[in-house]
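These notes are about the structure you will find just below.
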Amino acid sequence: MTRTTWRKVPGYAFLTIFSIFSLFPLYFMVVGATNTSTDVLASRLLPGANLIQNFQDLVAAADVASAMWYSALYAVATTVLALLVCSIAGYGFEIYHSKGKDLLMAVLLLAMMIPFAATMIPLFRMFANFGMVNSAFAVILPAISTPFLILLFRQSSRSFPHEIIEAARLDGLRELEIFFRIYIPTMKSTFAAAAVITFMTAWNNFLWPRVILLDNKVQTMPMLISNLSAGYVTNYGVLMLAVLLASLPAMVVFLALQRSFAQGITGAIK
Amino acid sequence: MSATVVDEPTATKRPRGSMSPSQRRNLTGWVFLIPAAALIAIMSFWPMIQAFILSLQTGRGSNLDWAEPLWYNYQRLFQDEIFKLTLSNTFIYLIIQVPIMLILALVLANLLNNPNLRWKAFWRTAIFLPCAVSLVSYSLVFRTMFATDGFVNDALMWLHLIDSPINWLGQAGTARFVIILGLIWRWTGYNMVFYLAALQNIDASSVEAAKVDGANSWQTFWFVTVPQLKPMILLTAIMSTNGTLQLFDESFNLTRGGPAYQSMTMSHYLYEISFQRNPNVGYGSALSYVILILVAVLALIQMKVGDKRD
């Protein structure tokens, strides 16, 4: 081998080691879902034949279908509403720029510094006062408007050509029409990046749903698997299958939109 | 606005009074911001104020009264041994995990940014994929792998690195180590994506120039690339600090805060105080304010340090 080839070895070695570190727990989870509890503890790393049995045991132990449905409902509703509210705000900040709006943006960014821990107790009391404990609204509302998403859309809007807006105005389009018919189709990759981030965060959210959803009938997948593992007897094969099911939707969304995700982030920080 | 003056004559002809197009556009802009701003005000700022008021009150359930003295809850916190323990645990995670993770992310991003690298898409996906897994899911996978009769002990014994199984989650040091390892696993790829995005915007000629001047790849990375990434490093440092101070899912699901609170985080303790057994929202709110102040102070320090331009 030539000298330049040798110089590449540490880089590839590092990437290989880190990729194994990244992928192994995922592999462990997938293989575990197909094995018996004993096999998982015996560190069997080959696929087993117990997938169907694990599935039957899981369905018997917990209402997976309902948890999947509620997780999907909360995550999709949060994503759609968050994209709508934050994209139009980011657009408004950049396209209708004024000093007053800069000040408002600075104030909103401060909210990024507020840890959820500091707002959790009053939020719970607020929703409880309105009789909204266990309701979808209570899960979704605090997650719709985030400074991070607004910032992402504002930064991305910088690359949106203002001449198009002028041209559209001359063509007689209203301001809202410009946003829906021109801005949204043009900024697809930003929307994809925002959708991936919001969906993954909403699907995987645990603390707030756990606080506000007291009734197990409306629980999410993360809540379900957490409760499942807290039981006295743990069937590890069943647990790994449940954990896999709880992770799959967010992973599929990420893999499907991965390319646009990277583009969207890159576009936003230019 | 000068445009307003120019538009004045036409504006008078308009049936709906005196608004010029530019004024109306400015108003449209404000209307676009209202839903987002109102939600943040109601869901973040208002509760933040409420939490402060609550932190000055004592009592159980909805039976709350002003504390005597007003700062009683705060006073109590600093005599609370469990609180001190969770505070130090959280800082151990912060000080050890965040630098390791950010350096790893930086190195990985730099490797992946090399245009001649092969299988780029594979490396990127492999390293980012953990971020799609929920915190609860990975906590439970790690819990299973690090069980006393679990995979990690089996592997280490098979390699003859240890003679008898280690009780990973049953001892303070190892339990904390597993949480730190989990955090690195879950978040390194996330930060790497931010660095990758920032690297795309770096002028390639500055790197070329350094190479022409005879800098090796390490020198180029450290003296040319890293300084240009400073704003992004600052952002990721603040995000990670913020996230670590609010760590909950791992403590709750991976180690259950154990053994005996030795790996419990502040947020986990906050949850215990506020929502389990005998909920005490006044005391919990005081703890939540300590977290808020820590986040703010650390972010401020990082901004001050990161803002020093050379």
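Residue numbering restarts at 1 for every chain, and letters A, B, ... go by the order of the sequence lines.
- Note: A/S226 OG to B/L135 CG = 11.5 Å, rounded to the nearest 0.5 Å.
- When all heavy atoms of B/A36 and A/A89 are compared, the pair lying nearest together is CB-CB, 3.6 Å.
- A 6.0 Å sphere centred on CH2 of B/W46 holds no more than 12 heavy atoms belonging to other residues, nucleotides or ligands.
- Interface remark: B/N242 contributes side-chain atoms only to the contact with chain A (heavy atom separation under 4.5 Å).
- Using bins of under 30°, 30° to 60° and over 60° for the plane-to-plane angle, the ring pair B/F32/A/Y91 lands in the tilted bin.
- Of the two parts of B/L292, the backbone and the side chain both hold a non-hydrogen atom closer than 4.5 Å to a non-hydrogen atom of chain A.
- Ring centers of A/F116 and B/F248: at least 6.0 Å apart, outside the cut-off.
- Not counting sequence neighbours, B/S274 has no partner by the side-chain hydrogen bond (donor to acceptor under 3.5 Å, both in side chains) test.
- Proximity to chain A (any heavy atom under 4.5 Å) is shown, for B/A296, by neither the backbone nor the side chain.
- The distance from the CE atom of A/M240 to the OG1 atom of B/T144 is 3.0 Å, given to the nearest 0.5 Å.
- Note that CG of A/L110 is 11.0 Å distant from OG of B/S44, once rounded to the nearest 0.5 Å.
- Of the atoms belonging to B/T125, heavy atoms from both backbone and side chain fall under 4.5 Å from chain A.
- The shortest heavy-atom contact between B/P47 and A/P122 is O-CG, 3.2 Å.
- Interface remark: of the candidates A/V40, A/L141, A/L239, A/L141 forms the most heavy-atom pairs closer than 4.5 Å to chain B.
- Between chain A and the residues B/V133, B/L140, B/I291, the largest count of heavy-atom pairs under 4.5 Å involves B/L140.
- Within the 4.5 angstrom heavy-atom criterion, atoms from both the backbone and the side chain of B/I42 approach chain A.
- Scanning all heavy atoms of the two residues, the minimum distance from B/T28 to A/E175 falls at CG2-CB, 3.8 Å.
- When all heavy atoms of B/Q246 and A/A117 are compared, the pair lying nearest together is OE1-N, 3.9 Å.
- The part of B/W119 that comes within reach of chain A is its side chain, from C-beta onward, which places non-hydrogen atoms under 4.5 angstrom from that chain.
- Among residues two or more places apart in sequence or in another chain, the side-chain hydrogen bond (donor to acceptor under 3.5 Å, both in side chains) test is passed with B/Q228 by B/S206.
- Of all the heavy atoms in B/V136 and A/P222, the pair that sits closest is CG1-O, 3.6 Å.
- Contact of B/N116 with chain A is made through the backbone alone, with heavy-atom distances under 4.5 Å.
- Ring-centre distance between B/F151 and A/Y236: not below the 6.0 Å cut-off.
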